[in-house]
Amino acid sequence: MQVSPVIPAASPQVPGPATSTDILQKILDTAREAVIVVDADLRVARTNIPAAVAFGRDGLDIENRRLSEVVRDLDLHEAFRKALVSQASADVRLELPTKDKRKFDVHVAPIELDGTACAIGFFYETTQIDRLEIIRQEFLSNISHELRTPLTSILAFVETLENGAIDDAENNQHFLGVIRRNAERMHELIADILELSLIESGNVSVDIREVKLSHAVNDVVNTLSAKANGQDIDLRNEVPETTLVFADPVRLGQMLTNLVDNAIKFNRRGGHVRIAHARGEGRDIVTVADTGEGILPEHSERIFERFYRADRARSREVGGTGLGLAIVKHLARLHGGEVSVNSVLGSGSTFTIELPSL
Ligand code: ADP
């Protein structure tokens with residue numbers, strides 16, 4: 001025989017029916033977006049934690065304050081006023097006048113709470129999206145600009161050849177050489193752009209293992225020795241034979257190649273490049289030091305940005321995509337490390353890769 005479950009008698013302290021304000025508050029408490037509800041006097045009647053964080057500067061409790069005290073923005077004020085007076089919804093763009101300049105898309109709508117006309121504003125933060133959009137636009141315009149320069153040169157020399165220079169035995173090889181160099185430049189640029197976007201997309205993983213640093217450095221020195229000899233630059237591997245670091249061998253080679261290549265390009269004739277190692281606390285410190293012209297402090301941070309060059313003309317002259325250091329920065333971070341530079345104007349720069357020593 002089935003026994004029906006015993007339903008306990010209702011407790012004597014049954015809460016009363018939830019008001020619409022209570023329900024709204026529950027919803028607000030679960031929302032990720034900042035939400036502000038104002039009453040007919042344009043005072044903050046309800047809010048949630050994200051709103052308190054965004055607008056409660058210096059621990060200011062925003063509830064019961066006038067909206068104009070909490071956020072000083074005429075358009076936003078007007079949108080709330082219209083929602084109260086004309087029952088009309090509105091969308092407003094808001095940028096906070098604070099240091100971090102947080103940006104929001106705000107949707108304001110009329111709402112009735114327990115018989116009282118109020119207005120509710122949902123603040124969707126767009127700071128990060130806006131920032132990424134600017135970076136994307138800058139990146140596209142930089143790429144177009146970088147590609148246009150060699151392409152213009154190629155087209156001009158092809159036209160010169162077509163217009164008769166092809167039969168000019170003294171110069172035609174020179175013109176072809178210019179075309180080849182510019183085509184190579186475009187090729188290099190596209191390879192670096194692809195490499196960088198692959199790394200940035202998060203689709204590159206590093207296979208970290210024990211690597212004999214001096215061997216990795218020797219490979220780079222051998223590859224770049226002809227270039228260094230051409231400028232009478234002495235490449236010195238000062239890493240002890242036994243030093244082990246933890247890195248992806250291919251990616252370590254790529255980082256070192258970019259740094260040593262720069263150390264040659266931006267060096268002076270007869271200068272030298274030293275690659276060395278030191279052990280820090282829980283870190284392996286790999287340094288590439290040159291005797292070049294150095295870098296002004298205002299450029300030191302920015303040279304790790306894509307396409308940033310301290311000296312545009314020099315970089316173009318020595319051949320570079322402006323992406324090498326951005327690639328090194330991303331690769332170092334993929335290893336849980338970091339890259340930085342220390343430079344003394346007129347006497348040289350030292351680039352440092354720090355890697356966790358597992
Ligand atoms: P590039 O292809 O121009 O070398 P990078 O991203 O490798 O691009 O470097 C960015 C800029 O940083 C260079 O254009 C140059 O102005 C500066 N830079 C990089 N390495 C050195 C160095 N060893 N000495 C002086 N300036 C350097």
Side-chain angles (χ1 to χ4, degrees), residues 135 138-139 142-143 145-150 181-200 217 220-221 223-224 227-228 230-238 251-276 285-334 338-354:
I135 292 175
E138 276 178 8
F139 190 46
N142 276 328
I143 289 176
H145 179 78
E146 296 285 339
L147 286 173
R148 199 167 46 210
T149 313
R181 273 199 303 284
N182 279 288
E184 279 169 359
R185 189 172 155 64
M186 288 174 72
H187 188 259
E188 219 177 285
L189 192 64
I190 289 166
D192 273 1
I193 290 167
L194 288 177
E195 177 72 7
L196 195 59
S197 44
L198 193 70
I199 300 170
E200 285 188 344
V217 172
V220 175
V221 167
T223 312
L224 292 172
K227 186 170 183 169
Q231 290 173 56
D232 201 15
I233 288 167
D234 180 26
L235 293 185
R236 292 185 208 160
N237 177 1
E238 298 184 342
R251 298 305 186 179
L252 177 65
Q254 205 177 350
M255 288 191 278
L256 290 169
T257 304
N258 284 356
L259 293 186
V260 176
D261 187 49
N262 278 348
I264 299 169
K265 283 193 313 196
F266 298 102
N267 219 315
R268 59 178 165 77
R269 250 201 120 70
H272 56 247
V273 178
R274 289 197 180 108
I275 305 108
I285 300 161
V286 186
T287 50
V288 177
D290 65 56
T291 49
E293 74 247 43
I295 302 161
L296 281 168
E298 63 258 39
H299 298 305
S300 297
E301 276 299 313
R302 301 208 57 195
I303 54 173
F304 297 97
E305 291 172 18
R306 302 184 283 199
F307 295 118
Y308 190 88
R309 294 166 172 116
D311 181 345
R312 204 154 269 278
R314 172 91 200 258
S315 169
R316 194 141 289 143
E317 181 194 308
V318 294
T321 61
L323 296 173
L325 289 180
I327 292 176
V328 175
K329 179 182 75 180
H330 282 287
L331 289 178
R333 289 189 179 165
L334 270 179
E338 201 44 90
V339 60
S340 57
V341 65
N342 223 313
S343 189
V344 179
L345 211 59
S347 56
S349 312
T350 301
F351 284 80
T352 303
I353 303 174
E354 290 191 36

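Both counts, for ligands and for their atoms, begin at 1 and track the order of listing. Residue numbers start at 1 and run along the sequence shown.
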- Atoms of ligand 1 under 4.0 Å from any heavy atom of Thr321, numbered from 1 in the order shown, are 2 (O)

- Message: Please list the nearest protein heavy atom to atom 16 (O) of ligand 1 with its residue and the distance rounded to 0.1 Å.
- Response: Ala310 N, 2.9 Å

- Query: Considering only protein heavy atoms, which is closest to atom 17 (C) of ligand 1, and at what distance to one decimal place?
  - Reply: Ile303 CG2, 3.9 Å

- Task: Answer yes or no: does an N/O atom from Gly324 fall short of 3.5 Å to an N/O atom of ligand 1?
- Result: yes

- Under a 4.5 Å cut-off applied to non-hydrogen side-chain atoms, are Leu256 and Val286 in contact? yes

- So do the side chains of Glu146 and Thr321 get within less than 4.5 Å of each other, counting heavy atoms only? no

- Consider every N or O of Leu325 and every N or O of ligand 1, then say whether any pair is closer than 3.5 Å. yes

- Query: Of all the heavy atoms in Tyr308, does at least one lie under 4.0 Å from an atom in ligand 1?
  - Reply: yes

- Closest non-hydrogen protein atom to atom 3 (O) of ligand 1, residue and atom name please, with distance? Ser315 OG, 2.7 Å

- Task: Return the residue, atom name and 0.1 Å-rounded distance of the protein heavy atom closest to atom 26 (N) of ligand 1.
- Result: Ile295 CG1, 3.4 Å

- Message: Under 4.0 Å, heavy-atom basis, I'd like to know which part of Asp290 is in contact with ligand 1: side chain, backbone, both or neither.
- Response: side chain

- So do Val328 and Phe351 actually touch side chain to side chain, heavy atoms under 4.5 Å? no

- Query: Does any N or O in the side chain of Asp290 come within less than 3.5 Å of the main-chain N or O of Ser349, such that one atom is a donor and the other an acceptor?
  - Reply: yes

- Query: How close do Ala332 and Met255 get, heavy atom to heavy atom, and via which atoms?
  - Reply: N-SD, 3.6 Å

- Does ligand 1 have a heavy atom under 4.0 Å from the side chain of Phe351, from its backbone, from both, or from neither? side chain

- Message: Under 4.0 Å, heavy-atom basis, I'd like to know which part of Glu293 is in contact with ligand 1: side chain, backbone, both or neither.
- Response: neither

- Query: Can you find a heavy atom in the side chain of Asn262 that is under 4.5 Å from one in the side chain of Leu325?
  - Reply: yes

- Message: Quick check on contacts: which atoms of ligand 1 are under 4.0 angstrom from a heavy atom of Lys265?
- Response: 1 (P), 2 (O), 4 (O)

- Message: What protein heavy atom lies closest to atom 8 (O) of ligand 1? Include the residue and the distance to one decimal.
- Response: Gly322 CA, 3.1 Å

- Around atom 7 (O) of ligand 1, find the nearest protein heavy atom and jot down its residue, atom name and distance. Asn262 ND2, 2.8 Å

- Applying a 4.0 Å heavy-atom criterion (strictly less than), which segment of Ser349 is in contact with ligand 1: side chain, backbone, both, or neither? side chain

- Quick one: nearest non-hydrogen protein atom to atom 21 (C) of ligand 1, plus distance? Phe266 CD1, 3.6 Å

- Does ligand 1 have an atom that lies less than 4.0 angstrom from a heavy atom of Asn258? no

- Query: Is the closest heavy-atom distance from Gly292 to ligand 1 below 4.0 Å?
  - Reply: no

- Check each heavy atom of Leu259 against ligand 1 and say whether those closer than 4.0 Å belong to the side chain, the backbone, both or neither. neither

- Query: Any idea which atoms of ligand 1 are less than 4.0 Å away from a heavy-atom of Leu323?
  - Reply: 6 (O), 8 (O)

- Message: Looking at Glu195 and Arg306, is any side-chain nitrogen of the basic one under 4.0 Å from a carboxylate oxygen of the acidic one?
- Response: no

- Are the side chains of Ile199 and Ile327 in touch, meaning some heavy atoms are under 4.5 Å apart? yes

